[in-house]
**Q** 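Below are the structure tokens for one structure; questions will follow.
To find a chain, count down the sequence lines: A is the first, B the second, and so on, and within it residues start at 1. The analysis underlying the following values was restricted to heavy atoms, covering all of them including side chains, and did not include hydrogens, waters or symmetry mates.
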Protein chains: 2
Amino acid sequence: MSKSVTLKEVAAKAGVSYQTVSKVVNNKASVSPETEKRIWGVIAELNYTPNYNGRSLRRQRSNTIGYTWEPSPADQANPILDAFLQSMFRAAEEEGYYLLCFPFHADDVRMLKVYHQLYNTGRVDGFVLSRLNYGEASVPFLLENKIPFVAFGRLDDQDQSFPYIDVDGGQGVAQAVDHLVSLGHRRIAALAWPEDSRVGNNRLEGYFRGLAKAGLMSDPNLIVRGEGTSAVGFEATTYLLGLPADIRPTAIVCMNDMMAIGAMQAIQTAGLQPGRDIGVTGFDDTPTARYLTPPLTSISQPIPAIGENLMKRLIEYLESGSYPEPRCELVAPSLEIRESTAGYVPAKGRI
Amino acid sequence: MSKSVTLKEVAAKAGVSYQTVSKVVNNKASVSPETEKRIWGVIAELNYTPNYNGRSLRRQRSNTIGYTWEPSPADQANPILDAFLQSMFRAAEEEGYYLLCFPFHADDVRMLKVYHQLYNTGRVDGFVLSRLNYGEASVPFLLENKIPFVAFGRLDDQDQSFPYIDVDGGQGVAQAVDHLVSLGHRRIAALAWPEDSRVGNNRLEGYFRGLAKAGLMSDPNLIVRGEGTSAVGFEATTYLLGLPADIRPTAIVCMNDMMAIGAMQAIQTAGLQPGRDIGVTGFDDTPTARYLTPPLTSISQPIPAIGENLMKRLIEYLESGSYPEPRCELVAPSLEIRESTAGYVPAKGRI
DNA sequence: TCTCTCTAAGCGAACGTTCGCCTTAAGAAT
DNA sequence: ATTCTTAAGGCGAACGTTCGCTTAGAGAGA
């Protein structure tokens, strides 16, 4: 921190009281046009900027939003982190807010302590949460302590107890199934996440919806669950390709891009060609998706808009005391069609 | 911000003056063991946490470090962002500091204004810079205004005017060349960045060093420059594969993983197999590198250690007034050998 | 002329700390 | 008994704002 120009110095130079300078800076009324102009002149001349801590102390406002997130394992990139952060602090800056990033702790007790500390010391005015999962401890904690927050993600389809924006993953997967069905696929497998993943279940539910819409039965043999890694995708697909010809899937819907990458590898290893022989779709639309061989059809989430809107809503609440409608919002992802679902020719008589 | 417990409330309950409570909180001497214990008791009971803005105002310290970075284009992930951020705010938290993230502006004037503003308003005590390039405007600006900062990256091999940690990219590339030479490769091409990239030139210089060490001549025909995208990698490699057999490279060293991905695609498109027919190496060791077909040999940077050390050094400077030695440090990357450089059998008589 | 209203600006206080100096009392040294 | 030293804690002030009330003075209406 620098010792910088203060209100008093500006006031002295402008020949007014420092409180009057404050009024000018904050656009409060009752300053004559001439003095106002003069004061602005001195402010520009001295390059005055209001001290953040003085202001915050007096206003009881930090104009700072806290955010933490679970680090990705080293072998897995977080495909949305950069865009999400950028959209948030860009929106924040427009309103004079900034983003404070702090460490994630897997231990709930410790994590809640950090939330509490940051809010109680007046470092932040509120939080953005992301990647909520079943039994998320932070949500009830923040609600109970009346600590403002918005979330990227929801806990429960019905629960409207806190403001959130979430992606309707199910709708995205249903789109993918639709697309595959329209290409002639009838036996569509799913590489899903473990059952304790809320996001995973939401996406999988879209798989069932898509099949039902096409009048297809879902086959438990064609649903394989596992961590969303490339290795799991590889093994699961190897298993699927080994099924008897009359059960074997002609397309695989993956709940994220990593599994899709593994699936495509397995398909190639088996001497087949993704797209032509077996359709593959991913989820996330990772930057690398379009550079895979063949480029991967994937489901893309409107991350920048989500980050921006979350931030705007939180700030609106902090300034006005109430959230803009809708408090809870579900946004649609979009299917990016590429060659991993192209060129398929249904074998007649097998259908 | 919440209206929380203050020093005065603790003092009232403990039957001392509030300044005495402050002494206890800050471990200043001259408080008797009994009263100290009593005061700690009340602090725990009331769950007191010192108000951040009050403290900062008085101490003229924000205990906050600012960081901004250029957003990656949508089709390109930032492979190190998550790890770098995590390592920084983890190290910061240990010392009671936090990380403030703010928007990047391509316009220098605007960007410098933001730096100035954040520091002058007392929001941050210093900055971490990254991805420095030739003519970086922020460095002279911060130096001139005596604003503390440390950098991930350097501007010039000689320049020690500011503290930095940088990866010796050249050494990494030289390792890759060494490795290829040891496999029997003699004609090694390079996919390099445009000449205006400092990091790119540093890496390319290692290519020359590696060749020289092996007693090989560098051939200008085998060096192709372009933006570090997959498309550039594809085109450049297609060109290289079209060279006459006695010039055509048997291995390609790429200055980042994206170009390597494009190169591998081009090799496969030409009916060849990366690794067995043409060796390929990347740089960054992107999480996906190990999941490509074949897995990509790449150069990995010790990002977590860099982030942690940068933050520790900056904080040490802020607290003590001087940087720990060494002020400037070059760290070595490591070569992760995978199948994209395996299985090569040199054609006899062609060497 | 007197009162009333309104505008422009001043002033004291407060936000929650920390800092440095002062006071008190007890015990040691003379 | 007197002075000195030290430990324990009190007290005023300051960090840079903003808030709300007060005041001075000008102009209008009676």
**Q** What are the two closest non-hydrogen atoms of W40(B) and V25(B), and how far apart are they?
**A**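 That would be CH2-CA, 4.2 Å.
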**Q** What is the distance from CD1 of I39(A) to P of dA8(C), rounded to the nearest Å?
**A**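 Spelled out: CD1 on I39(A) to P on dA8(C) is 13 Å.
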**Q** Side chains of Y52(B) and Q117(A): does their closest heavy-atom pair fall under 4.5 Å?
**A**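 They are not in contact (no side-chain heavy atoms under 4.5 Å apart), so the answer is no.
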**Q** Round to the nearest Å and state the distance from R59(A) atom CZ to dT17(D) atom C1'.
**A**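 Roughly 9 Å, once rounded to whole Å.
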**Q** Output the rounded distance in Å from CZ (R61(B)) to P (dG16(D)).
**A**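 Atom CZ in R61(B) sits about 15 Å away from atom P in dG16(D).
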**Q** Mind running a 4.0 Å heavy-atom check of residues 10-19 of chain A against DNA chain C and sending the residues that fall below it, in number order?
**A**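 Contacts with DNA chain C under 4.0 Å: V16(A), S17(A), Y18(A), Q19(A).
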**Q** For R123(B) versus S62(A), what's the shortest heavy-atom pair and its separation?
**A**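 Heavy atoms only, the tightest pair is NH2-O, 3.4 Å.
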**Q** Is there a donor-acceptor pair under 3.5 Å between the side chain of Q60(A) and the backbone N or O of G122(A)?
**A**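 Answer holds: no.
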**Q** Tell me the interatomic distance from E34(B), atom CD, to dA7(D), atom C1', rounded to whole angstroms.
**A**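 It is 12 Å, rounded to the nearest whole Å.
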**Q** Using a heavy-atom cut-off of 4.0 Å across all strands, would you classify S30(B) as base, sugar-phosphate, or nothing?
**A**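 S30(B): base contact, heavy atoms under 4.0 Å.
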**Q** Give a yes or no on whether the ring-centroid distance for Y115(B) and F127(B) is below 6.0 angstrom.
**A**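 Aromatic pair counts; centres sit under 6.0 Å.
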**Q** When all nucleic acid strands are considered with a 4.0 Å heavy-atom cut-off, which category describes K28(B): base, sugar-phosphate, or nothing?
**A**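 Answer is sugar-phosphate: K28(B) comes under 4.0 Å of backbone atoms only.
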**Q** Under the criterion side-chain contact (heavy atoms from CB on, under 4.5 Å), which of L318(B), L100(B), V150(B), V124(B) is the partner of I65(B)?
**A**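 Among L318(B), L100(B), V150(B), V124(B), the one that satisfies the side-chain contact (heavy atoms from CB on, under 4.5 Å) with I65(B) is L318(B).
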**Q** Given atom CG of L7(B) and atom C1' of dC15(C), what is their separation to the nearest angstrom?
**A**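 So the CG-C1' distance, L7(B) to dC15(C), works out to 13 Å.
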**Q** So which nucleotide from dC15(C), dA9(C), dT17(C) ends up closest to the side chain of T35(A)?
**A**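 Nearest to the side chain of T35(A) among the choices is dA9(C).
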**Q** Would you indicate which nucleotide in dT17(C), dG10(D), dC15(D) comes nearest to any side-chain atom of L57(B)?
**A**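 Selected nucleotide (nearest to the side chain): dC15(D).
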**Q** Look at Y52(B) and dT18(C) and indicate whether a side-chain polar atom (N or O) is within less than 4.0 Å of OP1 or OP2.
**A**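 So the side chain of Y52(B) is outside the cut-off, no N or O lying under 4.0 Å from OP1 or OP2 of dT18(C).
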**Q** When you measure from the side chain of R55(A), which nucleotide among dG16(D), dT18(C), dT18(D) comes out closest?
**A**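 Per side-chain heavy atoms of R55(A), the pick is dT18(D).
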**Q** Rounding to a whole Å, what distance do you find between N51(A):CG and dC15(C):C1'?
**A**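 So the CG-C1' distance, N51(A) to dC15(C), works out to 13 Å.
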**Q** Can you identify which nucleotide, out of dT18(D), dT17(C), dG16(D), has its nearest atom closest to the P50(B) side chain?
**A**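 Between dT18(D), dT17(C), dG16(D), the one nearest the side chain of P50(B) would be dT17(C).
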**Q** Give a yes/no on whether any side-chain N or O of T20(B) is located under 4.0 angstrom from OP1 or OP2 of dG10(D).
**A**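 Checking dG10(D) against T20(B), a side-chain N or O does come within under 4.0 Å of OP1 or OP2.
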**Q** Is the distance between the ring centroids of Y67(B) and F84(B) less than 6.0 Å?
**A**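 When the ring centroids of Y67(B) and F84(B) are compared, they turn out to be within the sub-6.0 Å range.
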**Q** Check whether any side-chain N or O of Q60(B) sits under 4.0 Å from OP1 or OP2 of dA14(D), and answer yes or no.
**A**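 For dA14(D), OP1/OP2 do not have a side-chain N/O of Q60(B) under 4.0 Å.
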**Q** Think R58(A) has a side-chain N or O under 4.0 angstrom from the OP1 or OP2 of dA14(C)?
**A**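 For dA14(C), neither OP1 nor OP2 has a side-chain N or O of R58(A) closer than 4.0 Å.
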**Q** Please give, in whole Å, the distance from dA8(D) C1' to R38(B) CZ?
**A**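 The answer, rounded to whole Å, is 12 Å.
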**Q** OP1 or OP2 of dT18(D) sitting under 4.0 Å from any side-chain N/O of N26(A)?
**A**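 True: N26(A) side-chain N/O within range (under 4.0 Å) of dT18(D) OP1/OP2.
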**Q** At 4.0 Å (heavy atoms only), tell me whether S22(B) reaches a base, stays on the sugar-phosphate, or touches nothing.
**A**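 Base, at least one base heavy atom under 4.0 Å.
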**Q** Could you check how far CD1 of I43(A) sits from P of dT17(D), rounded to whole Å?
**A**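 Taking CD1 of I43(A) and P of dT17(D), I get 10 Å after rounding.
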**Q** Using a 3.5 Å distance criterion without hydrogens, assess whether the side chain of N133(B) forms a donor-acceptor pair with backbone atoms of R198(B).
**A**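 Answer holds: yes.
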